[in-house]
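Below is one structure; the comments refer to it alone.
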Amino acid sequence: MGRLVIVSNRVPSPRERTQPAGGLAVGLRDAVRGGSSMWFGWSGNQAEGDGDPQPSFDTVDGVTYATIDLTESQHEGFYQNFSNGILWPLFHYRVGLMNYSRRDWQTYLEVNALFARTLLPLLKPDDVVWVHDYHLFPLGQALRDLGVTTRIGFFLHIPVPPWSLVRSLPGAELLLEDLQAYDLIGVQTEEDADNLNQSFRVNGLTERARAFPIGIDPHEFRAQAETGAGSGEAERLRASLRGAALVLGVDRLDYSKGLPERFRGYEALIARYPEHRGKVTFLQVAPVSRGDVEEYRVLRRQLDELTGRINGAYAEFDWTPIRYITRPIARDILAGFYRMADVALITPLRDGMNLVAKEYIAAQDAESPGVLVLSHFAGAAPELDEAVLVNPYDADEIADALHQALTMGLDERLARWRKLDAEVRRTTAGSWARDFLQALDEAQPAPATPAA
Ligand code: ADP
Ligand code: G6P
């Protein structure tokens, strides 16, 4: 097989310790490690002039990172408005939050065409191109329009709702037609594959979607967790708890993660089970994400208010029920916090996969593991069904699950964790990428592809 070329809007900064949070960059970075490949995408910087940007290159550990700048108006129409103000809510089943505009759709198409034009001269004839996520639905077709005949695969990291919802997007069938340019489309779960194939079917298109659940590198994460648990930061956290149990939440500050519902669930725990007052601390790490998109600002205000209200109502002069941090935390320290946490509380209303759930399992001490409380609506839930599963909309159910987790005996914790750990080791980031790329190699070429 030829060189692997990954294309995604967000590209990790290979030289920085604190990375922007997000499953795509983390999962793929684990997957490409060790091979020779190129990763093309947005630099995160603003372009100065109006002409096509020149890519910048940086090669680290055999991976060449090629990134382009976008102008302010491209960034606004393509990334903020169309990708994150229209596609993101729609694909997370939140049609009511979608702010549709034809102009943003136009910018989205233009930026996809720009990605194709600037990538084209970097491609070699036997490259395998792997495009990622909703920012780049039309990229495959844009590359085909420029004459690219090499294999092109696509992976969607977010959920896919049924056609009855997708069709709320005016012109949704055009996006589906563009997707036909890919030789294979991977999604996270069987439910997502069924929904996408149904959308193809009812529009008279070829069914190209298959489920490839993404994983992590559990060995590496365990090692990070062991080191992180011995770090100065972990020591400080441990000392500050003064024996209280630690419930941990880690998410981007995103409305798909069910954070207000989670805070209310925790509030219900301390309201209905007073024996936990002063004996448990909930630490939520939620770095600000997409802070220029209105819905995200609304959520932030809501969480500031909720935290203040709950802490005001229940805190003692020597106990704070919720600790809430909106800054990112370095990955190795975070891994140590996972290992220390008695309970991980992960309650998305919808999520493509949720790597945090898998990371928490990998980080646990095999002698005395913690308990994972997980939403039914995380993409990871079908695989991680030995977690304590909850409906995230029901605060009382979250409270009961937390009580169950905080009082669970060692035998049950071990029995559940061993099964979960086996599952997390079964499909890793590496095996996910290998399985997808092998299936891409074997896939029937897309109908639009001219014969090689
Ligand atoms: P999403 O892709 O929607 O953000 P995932 O749970 O799949 O959700 O992936 C999130 C990734 O970002 C995980 O690898 C997680 O460790 C990382 N992450 C989340 N929150 C933080 C944080 N506060 N600091 C650093 N990394 C974080
Ligand atoms: C999710 C999406 C990714 C995105 C990440 C972080 O994981 O599937 O495509 O990169 O969130 O979001 P951001 O907008 O910061 O790239």
Side-chain angles (χ1 to χ4, degrees), residues 6-13 16-31 39 41-44 75 78-85 87-88 91-92 131-137 154-160 187-188 192 213-218 220-221 224-225 228 233 248-259 283-293 296 324-338 344 346-363 372 374-375 377-381 384 429 432:
I6 289 176
V7 192
S8 62
N9 175 61
R10 178 72 65 187
V11 176
S13 339
E16 278 172 32
R17 181 163 171 239
T18 302
Q19 294 285 335
L24 178 149
V26 170
L28 270 172
R29 200 184 37 205
D30 287 346
W39 194 332
W42 173 47
S43 62
H75 174 252
F78 158 75
Y79 171 78
Q80 280 173 215
N81 298 355
F82 199 78
S83 299
N84 290 318
L87 294 176
W88 179 271
F91 278 75
H92 285 83
V131 178
H132 290 265
D133 240 356
Y134 56 101
H135 317 83
L136 301 175
F137 281 135
F154 182 78
F155 191 83
L156 185 62
H157 292 254
I158 62 174
V160 186
V187 291
Q188 302 278 23
D192 299 329
I214 196 171
I216 61 164
D217 180 340
E220 194 213 44
F221 203 80
Q224 273 184 343
E233 287 85 350
L248 180 66
V250 174
D251 316 71
R252 281 180 307 101
L253 213 170
D254 193 299
Y255 52 78
S256 64
K257 305 294 184 185
L259 293 166
L283 170 62
Q284 175 66 53
V285 184
V288 173
S289 179
R290 307 175 193 164
D292 292 330
V293 180
Y296 289 76
Y324 172 52
I325 303 178
T326 55
R327 285 186 313 275
I329 293 188
R331 203 166 159 70
D332 46 349
I333 295 168
L334 198 65
F337 289 2
Y338 285 149
I346 304 180
T347 55
L349 306 181
R350 280 284 163 184
D351 218 340
M353 172 52 65
N354 198 296
L355 291 182
V356 171
K358 294 188 172 181
E359 290 168 353
Y360 178 71
I361 294 302
L372 173 63
L374 182 66
S375 159
F377 304 116
L384 303 185
W432 164 76

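Atoms within each ligand, like the ligands themselves, are counted from 1 in listed order. In this chain, numbering begins with 1 at the start of the sequence shown. Excluded from the calculations below are hydrogen atoms, water molecules and symmetry mates; all remaining heavy atoms, backbone and side chain alike, are included.
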### Query
Going through the checks in order, is the side-chain contact (heavy atoms from CB on, under 4.5 Å) test met by Tyr79 and Arg290?
CA-CA 9 Å; Tyr79 171 78; Arg290 307 175 193 164; 3.6 Å; yes
### Query
Hey, would you say the Phe155 and Trp432 ring centroids sit under 6.0 Å apart?
yes
### Task
Have a look at ligand 1 and work out which part of Glu359, if any, has a heavy atom under 4.0 Å from it: side chain, backbone, both or neither.
side chain
### Message
Among His157, Arg290, His132, Gln80, which one puts a heavy atom closest to atom 4 (C) of ligand 2?
### Response
Arg290
### Task
Over all heavy atoms of both residues, which pair between Ala286 and Leu259 is shortest? Give the atoms and the distance, please.
CB-CD1, 4.3 Å
### Query
For ligand 2, which part of Ile158 has a heavy atom less than 4.0 Å away: the side chain, the backbone, both, or neither?
side chain
### Query
Taking Asp133 for the side chain and His135 for the main chain, is one N or O donor matched with an acceptor at less than 3.5 Å?
no
### Query
If you count the atoms of ligand 2 from 1 in the order shown, which ones are under 4.0 Å from a heavy atom of His135?
9 (O)
### Query
Would you say Arg252 touches ligand 2, if touching means a heavy atom closer than 4.0 Å?
yes
### Message
Please check whether Arg10 reaches ligand 2 - meaning an N/O of the residue sits under 3.5 Å from an N/O of the ligand, judged on distance alone.
### Response
yes
## Note on the structure
On a heavy-atom basis, the closest approach of Arg327 and Val285 is O-CG1, 3.9 Å
### Message
Do Phe221 and Asp217 have side chains that approach each other closer than 4.5 Å (heavy atoms only, starting at C-beta)?
### Response
no
### Query
N/O to N/O below 3.5 Å, does that happen between Val356 and ligand 1?
yes
#### Entry: Residue Asp133 vicinity, atoms of ligand 2 by number, heavy atom under 4.0 Å
2 (C), 3 (C), 8 (O), 9 (O)
### Message
Regarding Glu220 and Arg331, does a basic nitrogen lie under 4.0 Å from an acidic carboxylate oxygen?
### Response
no
### Query
Any nitrogen or oxygen of Tyr79, main chain or side chain, under 3.5 Å from a nitrogen or oxygen of ligand 2?
yes
## Note on the structure
Note: Phe154 and Phe137 closest approach over all heavy atoms is CZ-CD2, 3.5 Å
### Task
With heavy atoms of Arg252 as the reference, note each atom of ligand 1 found under 4.0 Å away.
1 (P), 3 (O), 4 (O)
### Query
At a 4.0 Å threshold, what atoms of ligand 1 neighbour a non-hydrogen atom of Val250?
19 (C), 20 (N), 21 (C)
### Query
Does an N or O anywhere in Leu355 fall below 3.5 Å from an N or O of ligand 1?
yes
### Summary
Nearest heavy atom to atom 8 (O) of ligand 1, choosing from Lys257, Met353, Arg327, Arg331, belongs to Lys257
### Message
Only heavy atoms of Tyr338, strictly under 4.0 Å: list the atoms of ligand 1 that pass.
### Response
16 (O)
### Query
In ligand 1, which numbered atoms sit nearer than 4.0 Å to a non-hydrogen atom of Asn354?
6 (O), 7 (O)
#### Entry: Heavy-atom closest contact (Trp39 atom, Leu28 atom, distance)
CH2-CB, 3.3 Å
#### Entry: Side chain Asp192, main chain Pro159, donor-acceptor under 3.5 Å
no
### Query
Looking at Ala225 and Ala335, what are the two nearest heavy atoms and their distance?
CB-O, 3.5 Å
### Query
So is Tyr360 close enough to ligand 1, meaning a heavy atom under 4.0 angstrom away?
no
### Query
Which bit of Leu334 is near ligand 1, meaning a heavy atom under 4.0 Å away: side chain, backbone, both or neither?
side chain
### Task
Could you list the atoms of ligand 1 found under 4.0 angstrom from a heavy atom of Val285?
23 (N)
